[in-house]
Every structure is written in C-alpha cells, then in structure tokens.
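Chain A is the first sequence line, chain B the second, and so forth, proteins listed ahead of strands; every chain is numbered from 1. As a basis for the values below, the full set of heavy atoms in this structure was taken, side chains included, without hydrogen atoms, waters or symmetry mates.
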Amino acid sequence: MDFTLKGQDKKSKARAGEIQTAHGVIQTPIFMPVGTVGSVKAVHFNDLKNDIKAQIILGNTYHLYLRPGLDTLEQAGGLHKFNGWDLPLLTDSGGYQVYSLSGTRKMKEEGVVFQSHIDGSRHTFTPEKVMDIQRVIGADIMMAFDECTPYPCEYDYASKSMGLTHRWLKRCIDQFDSTESLYGYPQALFPIVQGSVYRDLRIQSAEEIASYGREGNAIGGLSVGEPIEIMYELTELVCSILPENKPRYLMGVGTPANILESIALGIDMMDCVMPTRNGRNGMLFTSEGLINIKNEKWKNDFSQLDPNGMSYVDSQYTRAYLRHLFQAQEMLAPMIASVHNLNFYLWLVGEARKKILEGTFTEWKNKMVKQLTHRL
RNA sequence: GGGGAGAUACCAGAGCGGUCAAAUGGGACAGACUGUAAAUCUGUUGGCGCAGCCUUCGGAGGUUCGAAUCCUCCUCCCCCCA
C-alpha cells in the first residue's frame with residue numbers, strides 16, 4: 001500500500017491524496033460504505049461501483065468470523081472472491097463490537113470473550129487471532145484489535161483501556177509482521193488511536209501509534225455520543241501528531257457535515273453506517289438538506305429526490321413515490337434511499353477533493369455545512 | 001317470514017355496574033439512528049386554561065349514589081332456516 005499527497009488546502013488542514021492498493025487506487029479524501037457481513041445492505045455491487053462509485057468498502061471481522069465463518073472464506077479464496085467485490089476492501093477488527101456488544105462480552109488482558117449475538121456461543125478474540133482472521137478475509141487494509149471506549153468514560157478507565165489497546169497493538173503488529181497474506185497480494189495494518197475525550201491520553205496514544213510508522217493510522221473511540229465540538233477538537237489534536245505522509249482514517253464518522261469538517265482537520269478516510277442505516281429508516285441526505293421521506297409533507301410532492309442529485313435514482317423516482325414505497329414497506333424503498341445516500345456521500349467527498357485541488361475548499365465547505373444540516 | 005348474534009375511538013377488537021378517556025393489534029403522525037445485535041427502536045394518536053375539568057362506547061328514554069356495562073323502545077348490520 002502506498003499513499004501520495006496530491007494537494008493541500010491553504011486555509012485548513014484538508015488534503016487530497018491517492019492510496020494505491022493491490023485492488024486499485026483510492027482517491028482521498030474518501031468515504032467508505034460499510035458492508036459488515038460482506039454486503040452493503042440493500043445495495044447491489046453494480047450500483048455501488050457504477051452509480052455510487054464507491055472506491056473501497058468495509059467488512060467486519062467479528063461478523064464475518066461468525067458468518068459465513070473462516071472455513072468458507074478460506075475455501076472461497078478470501079472475501080474479494082467470495083462476494084465478488086474486486087476493489088479495495090478494509091476490515092474492521094471487532095474493536096467496535098467490544099463496545100457495541102458490551103453486554104455479552106468479557107474483557108481480559110489476553111483478549112475478549114464474546115457471546116455470539118446469533119446463537120449465544122462463546123468465542124475468544126485475541127489480537128493474534130484477529131490478525132489471522134483478517135488474513136483469511138484478505139482485506140487490503142486490516143485494523144488493529146482495540147477497545148472502543150464508550151461515552152461518557154471515566155479518566156481512569158479510559159487510561160487503562162488505552163494501555164490495553166496499546167499492548168494489543170504490539171501483539172497485532174508482531175502477529176501481522178510474522179505472517180503473510182494468504183492470497184498473493186499485500187495487506188496493510190492500521191493501528192488505532194484511543195484515549196476517549198481526554199487530551200493528554202489522546203496525545204499519548206497518537207504519539208505511540210505514530211511511532212510504529214505503519215502504512216496508515218486510524219482514530220477510534222469518537223462519534224460514540226460525545227458533543228460534536230469535542231470530536232472535532234480531538235480529531236484536530238490527533239491529526240497534528242499523526243504523520244502527514246500517511247493516510248488518516250477517522251472511524252465511524254459521520255453525518256455529511258461531520259465529514260466535511262473532519263476533512264478540514266486533516267482526515268483522509270471515513271466510514272459510517274449512517275447513509276445506509278438512516279436511508280433504510282427513511283432519511284435522505286440531499287444537497288439541500290435533510291429529508292425524512294416518510295413525513296406527510298412529501299405525500300404529493302412529485303419533484304425528484306434531490307434536484308442536484310447525481311444518482312440515477314434521483315431522476316428516476318419522485319419524493320411522493322419513495323414515500324409511498326416506505327409507507328407500503330416495499331423493499332425497493334430502503335434500496336432507493338441507500339443508493340441515493342451513498343451516491344450523495346461519495347459525490348460530497350469527490351467534490352471536497354476537487355475543491356482542495358482547486359484551492360477553494362474552505363469557502364465551499366463552510367457554505368455546504370450550513371445547507372447540509374438544514375431540515376427540509 | 002322464523003330463529004340467533006351484534007352495534008365500542010381512523011380500522012379491527014377487548015371490556016360486560018364503580019379502579020374506563022376505555023386493553024391489545026393495525027393504521028396514521030412524529031422522533032431517534034455516527035468503525036451495523038438495526039428492512040430497527042421510541043413516542044403520540046377525543047378536547048381544554050392538562051397533577052384537574054369537559055364531551056365520548058348506534059339513537060331516545062329509564063333503573064342506580066354511580067352505566068360502555070342493567071331495562072324498554074327505535075334504527076342499522078351480520079349469520080342460519082324458509
């Protein structure tokens with residue numbers, strides 16, 4: 001994996017770059033659709049590639065390990081072969097599940113014992129095992145196994161958790177560096193900065209993570225419910241410490257406005273379930289603001305989903321029709337909304353990239369953020 | 001024509017003398033959703049000057065301290081037999 005900076009905004013920390021992987025080039029800043037179980041929910045790869053123009057998608061170690069399981073993934077020849085997605089792939093390590101499944105899991109120094117959310121069976125994830133699983137999945141970018149701390153989080157807990165994440169990172173790196181890709185192409189390992197909302201911990205963690213000089217670095221443990229200003233403040237702080245010549249990945253972010261603000265702070269990669277999950281629940285992110293398409297006000301609105309929308313669904317379907325599909329609980333409804341939202345997200349980061357290269361990013365960003373948070 | 005059963009909030013449908021402004025579904029309306037335990041979850045759904053009051057359970061009377069619940073008549077619907 002290789003990262004090249006192509007341009008830098010003058011009034012902010014925003015930058016445009018290019019990541020080379022075995023499965024193709026990623027132009028940054030980039031938004032990565034989430035495909036937890038090897039599928040971006042409700043969206044065909046055809047739409048994902050040709051309409052949405054996704055350049056990289058996520059998969060999830062925990063979910064793929066449970067289903068379909070390592071045996072199937074290895075026999076398939078990795079996730080790329082299994083699901084047919086031949087562009088870059090990034091897998092999250094299960095660190096987020098340490099957070100979101102906190103009720104059914106036990107933390108230890110050695111690792112985490114999970115109870116499967118599917119059948120209740122117990123499974124142990126150690127840093128070594130998580131590396132091995134991601135080797136089997138064959139993602140171009142693998143994530144270190146971490147603990148994503150919740151919000152709010154006591155300083156003492158945040159500090160201890162960060163220490164554990166750092167010790168686990170060392171073990172991840174050892175395991176990663178002493179094993180090889182199973183399918184003949186290189187994989188990269190991104191470490192993750194933790195430290196909750198505490199500046200001193202974030203500084204300490206960022207310095208530790210930066211010291212390994214891996215091919216890219218991630219910021220985790222944000223967008224878990226903390227005030228958005230705190231998220232920005234910490235993102236800015238951590239970006240100032242992470243190396244400039246490596247991509248920075250802000251995990252789990254966010255709303256369209258969050259994405260533009262994060263780019264302005266020096267973030268290159270982001271992922272979030274929001275365009276797909278909120279889309280399935282009837283929320284559209286458009287160039288003019290937010291739409292809850294289930295609202296009565298759209299009942300007889302025969303205008304297109306987003307007048308400036310670039311997706312074929314924007315001109316193919318009207319707001320009234322999409323509302324009808326949601327009312328009738330047709331499966332086409334979440335499909336249309338997901339395609340629209342993802343197309344919009346990818347359009348947004350593509351525009352951001354253009355503006356950075358043109359040198360007009362900050363003005364454009366400030367104007368966009370106002371529009372994007374407006375409720376229609 | 002004879003026999004039986006029933007009319008409850010937007011719909012379906014409990015309730016069968018006080019604890020009922022009325023269970024439960026559905027629908028409708030609104031909100032939430034940030035490295036996906038999510039095609040999920042939550043709230044509201046008679047009115048108001050809203051810890052209280054007012055008008056509601058087909059219609060009109062009646063019994064009772066008190067009626068959606070009991071009685072009388074009326075109207076309308078459903079089922080079976082002819």
In Watson-Crick or G-U wobble terms, with both distances under 3.5 Å, the base opposite U64(B) is none
Parallel, tilted or perpendicular, judged at 30° and 60°: which one describes the rings of H117(A) and Y62(A)? tilted
Re A5(B): Watson-Crick or G-U wobble partner, both distances kept under 3.5 Å, found to be none
Review item, nucleotides 25-27 of chain B N/O atoms under 3.5 Å of protein N/O:
none

Between L290(A) and M283(A), is any pair of side-chain heavy atoms under 4.5 Å apart? yes
In whole angstrom, what separates E296(A)'s CD from G31(B)'s P? 12 Å
Validate the cation-pi geometry between R135(A) and F176(A): distance from NZ or CZ to the six-membered ring centre under 6.0 Å, angle to the ring axis within 45°. yes
Is the CE atom of M331(A) crowded by more than 12 outside heavy atoms at less than 6.0 Å? no
Considering every strand shown, what is the Watson-Crick or G-U wobble mate of A30(B) when both distances are under 3.5 Å? U42(B)
May I ask which nucleotide in the shown strands pairs with U24(B), Watson-Crick or G-U wobble, both distances under 3.5 Å? A12(B)
So if you build clusters from Ile, Leu, Val, Met, Phe, Trp, Tyr with side-chain heavy-atom gaps below 4.5 Å, do I241(A) and I263(A) land together? yes
In whole angstrom, give the distance that lies between atom CD1 of I291(A) and atom P of A30(B). 14 Å
Pair partner, U55(B) [Watson-Crick or wobble, under 3.5 Å]: none
Any idea how F344(A) and W347(A) line up, ring-wise: parallel (<30°), tilted (30 to 60°), or perpendicular (>60°)? parallel
Between W298(A) and R323(A), is there a cation-pi geometry (under 6.0 Å to ring centre, at most 45° from the normal)? no
Side-chain N or O of R323(A) closer than 4.0 Å to phosphate OP1/OP2 of C29(B): yes
At under 4.0 Å between heavy atoms, which parts of nucleotides 32-37 of chain B does protein reach? Answer with one letter per nucleotide, 5' to 3': B base, S sugar-phosphate only, - none. BBBBBB
Do side-chain atoms of T149(A) reach the backbone of G221(A) as a donor and acceptor pair under 3.5 angstrom? no
Applying a strict under-4.5 Å side-chain criterion to I, L, V, M, F, W and Y, I'd like to know whether L66(A) and F114(A) cluster together. yes
